[in-house]
Amino acid sequence: MFVPRWRDVFPHDQRQMMLGQNLVPSKLANLNDTIQDELLQVYSPDLPDVNTWEQEVTRWKVKFSDIPKAQLPGDDPHVVTWCRIFNDTLPPQVVEDVLTFDPSADFHTYKIVVDFEADEAVNPALCFYLYVDGVLWSKVCGIRDLSTDTDLIFHVFPKNYYLPPVVDTFNPYSTKAFFRNVVLPPEPSAYCRYGAPFRGGENPIIKYEIGIGTTILGTEAVPYMEKISPCLPCYNFCSRYNCNSTCDAEEHVLYQFMLDNFTLPATKIEDNETKPIDYYFTVKAVLSSGVTTVVSSDGFYIDDTPPIFDPDVMGGDFYIDVDQGDFTPVRYQGSNSTIKAFWRCFDEESDVVENWWAIGTTVGGQELQEFESIGTNQFGMNNTFEDILEHNTTYYVSLICENGAGSAVGFNDTKGVIVLLEAPVDDVNATIPGATQLSEDVVPKDALQSTDPTKLGVAFTLSHDPSVNRYDLCFGTDEEKDDIFPCTWVAYNVSGTIMVEDGWIKINGMNIRRLSELNPVQDPDMSDSDRLSSANNAFNMEPGRTVFMMMRLCNAAMRCLNKTMGSVIITNANTDLETSLNGLAITISVTPSSSRRKKRAVGDDLVIVTPNNLTSGHSTTFTKLTQSELTASYESAASTDFVPYIVDPSTTTDLVDRILLGRLYGSEFAFAFVSVGHVMMPGPILMTYRDVAGPGPHESGNRTLLTNWNPVRQVWEESSRTCINETDTEVFHNDSTVTVKVCNTWRGLTEDAVNEPYFRHETMFSLTNAKASITNSEPKLAVPDDIYMSEDAGTIQYQLEATDDEGDTIEFYLVGNYTNYTMGTPILSVDGILLYTPCEDCQGIETFPVILQEVQDDPDIIPPINVTIWLTVNVTDIIDPPVIFLTLVGESQLPADPTEPVIVYLEQKNEWNEPIWSPSWYALIGAYDIESGDKPQLNVQEPVNGTLIITDNTTMLPTIADPCPNVTQRSDNMMFPCDLGLLKPINEHEWNYMKLTYIQNYSFSGYDEAKVYFHDASGALSRLVTIQFTVLESPCHNEGECEPKNKTISYPCEHYRRAIESFDINYNCICASGWTGIHCEENINECISSPCQDPFVCYDYIDYYKCACPEDYPNCLLRPWMIALIMISLLIIVVIVLFLVYRWKRRDSHIPWVQKYILCQIDDKNNSFGSTDSFEDYMDDDSDGGLPNRNPIFDFIDPDQISDDMDFPPTKDECKNEKRHMMPSFEPVVPPPDFKIAPHPSEIVEANLSADIDVMSKPGWTFPIMDAPTEPGSSGYGASMQKALSKNEARWAITDQTSGHPAQSSSNSPYLLYDRQTTTLDPETVSMYDEADQETLEM
C-alpha cells in the first residue's frame, strides 16, 4: 500500500498551517519534517488508497490557493526600522532590510541602540541602530534630537494581519515584549525615586570634574580638574546626606565652566596634510557614595585664524530693494523705509557663530543704526526708516563676523545703495502706428480706431530724464490692466518703435521674441518648436474690442511713471459709430435681415436707445456679427489672462445662467455694442425687439429672448436681469415687441467683485429663440436609500448625494417633528453627511424621512422644490458574545487591560504561620448575554496548586441595587455589581453567575493561574480572564513579620517578587520578642547571661526568665540558722507583749479580773469578787433569770476604775455565754501552744435553739412584737422577712434587729442569744453595746 509523504507535496510552512488546526501553534516551530508527516497521518482522514490521498492533497491545495501568498509565513522576511516625528511634521524615516533567515524558526536577539555617528567631530548625527544576534543589520541616521517625551515602540503584528484559526480557547495567540537595560521610572511602590546619574537621587552629585582629551572620554590633553560643586537638595526621608533645604530638587541647573592655564595645539600633520585636532570636553559626575559617571561633549577644534568675507559676494551688489522682491541684488532702491543687505562670511575651522551689522550715511558710519547682533544669520533688514531715507542719497552697511573661537573680522562697504524716491519726468512723445482718429470728435479724446485686429504697437521718443533706464509696454482690456500684452521691458532710454505683429515682438522692424515666451504659463508637454510656431503665437482681437495702450518709464530703482497712450477700438465694415450731441440720447435702429443702419421708424425690428444726459461726444459703436466672426478664435499668446467677449452661440448653449438653463434653442441675430473708451452710461439702455411669440408675457411655448454673454462669469445671461435696482426691466407691447432695460453686462458674483451700476464694457448680444417658462425639476437621491450596517458596529457615516436636471445645489434636512426613531437618532448635515449610531445590541430596521431641498439664488424667480424621501437603515444581527464580570463587594476586579491578569495576593500556608493565613479567596463571577435564549456557560481551566470551588450557581434574574450604595455602606461581599452598563432591561438578558472560591495548597508559594471564560449556544466567547493567585512565600516562624531588606530600593512585602523569587533575596524576617534566627525559628535563651544569684537557678521561658529554687531543693531559702533566728525573734516578741500587759495592769487585782472576765479563765475556788452567794444575788435581780440588760462598763482610759452600774461577779454560765460572743469566728494561723480556741456560736446550739433556728429559716416568719419602741427608720416588730433566712443567718437573728432585745421564742430554751446587729446579719461581726453611751467594741 502506498504511504504518502506530505512533505513531498507541501512545503514546511503549509504543513504547519495544516497542523495548526489540531495542535497548539506555539509548538509547531519545534516539529521537524518527519514528526509532521507522522502527525498528519494521525490527524488526516483515513486514506485507504492513493486516489483518496490525492483527493485530500487537491483539497489542501485549493485551500492554500485561496490564501494570498504574502500570508504564508516565511515568505520574504524583512525588518523595517523607522523613526516618526511627532504630529508628522516631517515624513517618517524608514529603512527596510531583507532578513536572510526565517525569524519564526528560532529565537533571535534584537538590540536597539540610539547613538551619535560623527562624520566629523563638530556635527555628529543621531542614528538608530538595529543589531540582530550582535550583527549590525539596519541603521537610520539624521534623526532629530530626541525630546523627553520620545516613545520607544515595540509593535508586533502578523504580516497582512493574517492569523490562523485559534485551536485552544484558553491559549489564544498572544505576544509580549520586554525591554531590557532601559532606564525607566521606578515602580510606584518604591519608596525613593531615582534619576539619571546627572540628576541627584538619594545619592546626590557632590562635584563635577572636567578634563580635555583628543578622544571621547579621554583627558590626556588636560587632566581632570574639580570645577563645580552643586547645591545638594533635600529629598524628604530619602535624603541621608548633608543637603541644603534651599535647593530645589526639581530645578534643572545649566552649569557653565572655564578651563585655563594650558596650551593646546590647533593642528597636526597627518598623511603629509595639516589637519585640525579634534578635542572633547569630558565631565565626571561624582556621587556622595563615590560612584562616578562620565560623558563627553561633541568635538571641537582650536581655531587661531579669523573668519573671511567672500570677495565674490562682497565685490558685487549685495543690497535688496524690498519693493522689487526679496532676492534681487540692486545698486539703486525705491523703498523709502527699508535697508536690506546680505553677505557671506565663513570660517572653515570653527564656523561663524555671530554677525553684527550697522548702517550709516558714510563708509563705516553708524548714523542710522549702530552695530546689532543678528546671530548666525548673514542677512539683515531694518524697516524703521520711514521718512528718514532721502532721495538720491547713498547709504552704507558695515559688518562684523565672529567665529567659534572668538576671532572677529570687519567689512565696510564702499559702494553703498542709492535711494531714489521720485518717479521719472514724463517728456516722452508716443504714437500708435496703424491707428486712426474716429470719424467724429469723441470722448475720450485719445480714443483711436484700428481695422487690423492682428497687430498693435507704439512709437516713442527719447526721455531727457537721465534716471530713466527702461521702457515697459503694456496692453490691457481696461485701464491699469495688462491682460492682453503683459508689461514687458522693451527698451532702454532710447527712441524707437515696438510692434506686436505676426506673433512676434518687433523692435524697429526686427523680430525680437515670440509672444508665447512672455506667457508665464507654459505647457510642459509642448516642444520648443511647437511653442514657437505661428499657431501658438497668435494675436487676434475681436470686433469692437477696446485695447488700452500704456508705456511705463522706470529708473534704476524701479520708480516708474505710467504713461497712458489712449485706447484703440477694433472696427470693421459693419461697425456703426454714433456720437451724442449736447448730451442727447443715442438711438440706433437695425433690421435683422439687413445690416443697413436706418433712422428709427415704426416696424423696425431692433431699436437701441441710450439714456439722456450723456457727456457731449460720448460715442457708441454697433457691429452686426457675421458667422465667421462668431466662429473665429480670439486670443493673445502673450497672456493667459485674456478672455474674449465674443463666443459662438451655437457651441455655448450649455454655458448659461441658471434661469436660462435648458431654454435656449438657437441665436437668431448677434451683435456687439460698445461704449467708446469704456465711458459708463448714466442709466439703463433700452433695447426693443420683436417677439415671434406675439404679445406677452408668455408662460409656455417658445419666445424671443434678448441675451448677452458675460465674460466675467463666462455664461449667457438674460439681458432683462442685468439691472439690479431698476423696475420694469422687461415690458411687453401689444405690437409683439418687447423693451428690455440693459445695465451692467459684466457683473461678477464673487465676494470681491466690484460691480458698476450701468453699461460700460463692450458686450455681445443675441436675439435667441428660447423656451418661455423657466425649467425646474424635482431633486432625486443619487445614492441607494437602503443603508446596511452590523450590530454594534458603532457609528456609520453615509454620504447622501442628490441632483436634479438643472444641477441645482441640494441640501439635506431631517424632518423636525419626526420622533418615531426606535434604535437611534440620526445626525444629518446640510451637505448630506449622515451619522447614525444604533443602540448597543440593537438590530432590525430603522426608517426615517429626509428632505431634499433645492437652493436657489433668487427664490422669487425660481421657487425651490423640496422632496421628502425615506431612508432605511438595516442593522443586521451578529452573534453577541457573553459579557463576563468578576466582582467583590459589588466592585469589578477585572483590569482595564484585557491582557492583564486579575492578581490575588495570598500568604503561604505553613504549619508555623497559621495566625497570618489568608482567608480563602472568593468572588462573584458571572456573565450575561443580550441574545434571548443564549444562556452563558462557564469554562474553567483549573489551577495546578489549588482548588477552585463553584457554589451558588444560578441563572435567575439578579437584583441590582438602584441607587448603588456607597462602598463603605456595603456589607454583602457577594453583592451584585451596579455598573454593568446594561442597555436593556435586566429581564432581556440571559444570566449565569455563581460564587467562585479558591483553596490554596499547603506549603505552596508562587504563581497559580486559573483561566475562565463563558461561551453561549452560538459559540461566541466572552473575554478570557486569567486569575493569577500570587502566593507569597512566608518562612517566618513564631509570628515573625516580613520586612524589605532595603526600603529605599526593594519591594514591599505584598509584591510578586516574594512569590517568584527566594524570600531571602529581598526580604528579612522581623522576629517577635524572644525569638531569633533567619526565619525566627530559634528561641532566645534569656538565661545565657546567668542573671540569677545563689541559691536561685534560672528558668528560661518565651521572652522572659524566672529565678527560683532548684526543683530538688524547693526550700532553698530556709537555712538552719534562719529557722533559729525566727524562733528567737518570735520569743522576743512574746516576752515584749507580756511585759507590756503586765505594765498595763500593774495592780494585782486587775490581773485576776482580766483572766476571769476578759480571758474568761474562771476559777470558782478563788473568786476575788466575793462569795458565790453575792454573785447569785446579782443574778436574782433579773426578772427573766437571764443576764442583765447591760454589760459592765470597762474604762479603757483608766483600767483601775469599774462602773458602779456593773454587778459582778457573773456566774460561770454567764461567763460562758459572754465568752461565746467575744470570741472571733476565725482561727489563728499559728496558735500559741496550749491555747484553747473558743467555739463558734454555731457550734453551741441546744436542741430548743436548733428548733427556733429552723422556724426562722422558713418563709413568712416574722419578728415577735415587743413592747420596746422601734428605732427611727426601722420597719418595727412583726415585719415579714423578704425571704427565708439561712440557718446561719437565723442563729444571729434571734434578737431584735432594731432594739437588741431578745426575740420571743416558741421554745422553752433557757438560753437566749443576746446580740445586736444594726447593719448586717453577717455572723462574722460581733458587737457589744451599752445603752447608756452607745459605745461599740468590735471584736
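Side chains are part of it too, since the values below use all heavy atoms of this structure and drop only hydrogens, waters and symmetry mates. The shown structure was predicted, so the numbers you read here are calculated from the model rather than taken from an experiment.
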Looking at every heavy atom in both [X] and [Y], which two are closest together, and how far apart are they?
X	Y	answer
Asn555	Pro424	N-CG, 4.0 Å
Met499	Val458	SD-N, 4.2 Å
Asp427	Asp465	OD2-N, 3.9 Å
Val647	Pro649	O-CD, 3.3 Å
Val468	Asn493	O-CB, 3.4 Å
Leu532	Ser516	CD2-OG, 4.4 Å

Side chains of [X] and [Y]: does their closest heavy-atom pair fall under 4.5 Å?
X	Y	result
Phe671	Thr623	no
His761	Thr546	no
Leu399	Trp356	no
Met551	Met565	yes
His678	Glu762	yes

key: Any donor-acceptor pair under 3.5 Å from Thr488 side chain to Pro486 backbone   =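 Yes; at least one donor-acceptor contact below 3.5 Å.
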task = Could you tell me whether a side-chain N or O of Thr571 sits under 3.5 Å from a main-chain N or O of Thr575, the two making a donor and an acceptor?
result =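 Checking the backbone N and O of Thr575 against the side chain of Thr571, no donor-acceptor pair under 3.5 Å is found.
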message = Set out, in order, the CA-CA distance, both residues' side-chain angles and the distance that settles salt bridge (charged side-chain N to carboxylate O under 4.0 Å, His left out) for Arg344 and Asp312, then state yes or no.
response = CA-CA 9 Å; Arg344 182 172 185 268; Asp312 295 335; over 6 Å; no
Euclidean distance, [Y] [atom2] relative to [X] [atom1], rounded to 0.5 Å:
X	Y	atom1	atom2	result
Tyr471	Ile498	OH	CD1	11.0 Å
Glu629	Thr626	CD	OG1	3.5 Å
Tyr395	Thr362	OH	OG1	12.0 Å
Asn613	His618	CG	NE2	12.5 Å
Leu577	Thr579	CG	OG1	4.5 Å

inquiry  = Walk me through whether Trp716 and Asp654 qualify under side chain to side chain contact (heavy atoms under 4.5 Å, CB included).
reply    = CA-CA 9 Å; Trp716 287 100; Asp654 58 330; over 6 Å; no
request  = Evaluate the salt bridge (charged side-chain N to carboxylate O under 4.0 Å, His left out) criterion for residues Arg514 and Glu517: first the C-alpha distance (whole Å), next the side-chain angles of each, then the deciding distance (0.1 Å), finally the verdict.
outcome  = CA-CA 6 Å; Arg514 277 293 196 180; Glu517 297 181 59; over 6 Å; no
Heavy atoms from other residues, nucleotides or ligands near CZ of Phe379 exceed 12 (cutoff 6.0 Å) =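 No.
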request  = Kindly say whether the aromatic ring centers of Phe548 and Phe475 come within a distance under 6.0 Å.
outcome  =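 Phe548 vs Phe475: aromatic centres not under 6.0 Å.
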ask   = Which is it for Lys481 and Asp478 under the salt bridge (charged side-chain N to carboxylate O under 4.0 Å, His left out) test, yes or no, and what are the steps along the way?
value = CA-CA 6 Å; Lys481 285 188 176 182; Asp478 211 340; 5.3 Å; no
query = Salt bridge check: are Asp441 and Lys445 linked by an N-O gap of less than 4.0 Å?
reply =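 Looking at Asp441 and Lys445, the cut-off is not met.
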Glu422/Arg559 salt bridge by N-O under 4.0 Å criterion =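 No, this pair does not count.
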Over 60° means perpendicular and under 30° means parallel, so classify the ring planes of [Y] and [X], tilted if in between.
X	Y	value
Phe759	Phe673	tilted
Phe309	Phe411	tilted
Trp489	Tyr492	perpendicular

message = Can you tell me which residue among Thr745, Thr722, Asn744 is in a side-chain hydrogen bond (donor to acceptor under 3.5 Å, both in side chains) with Thr763?
response =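 Filter result, single survivor: Thr745.
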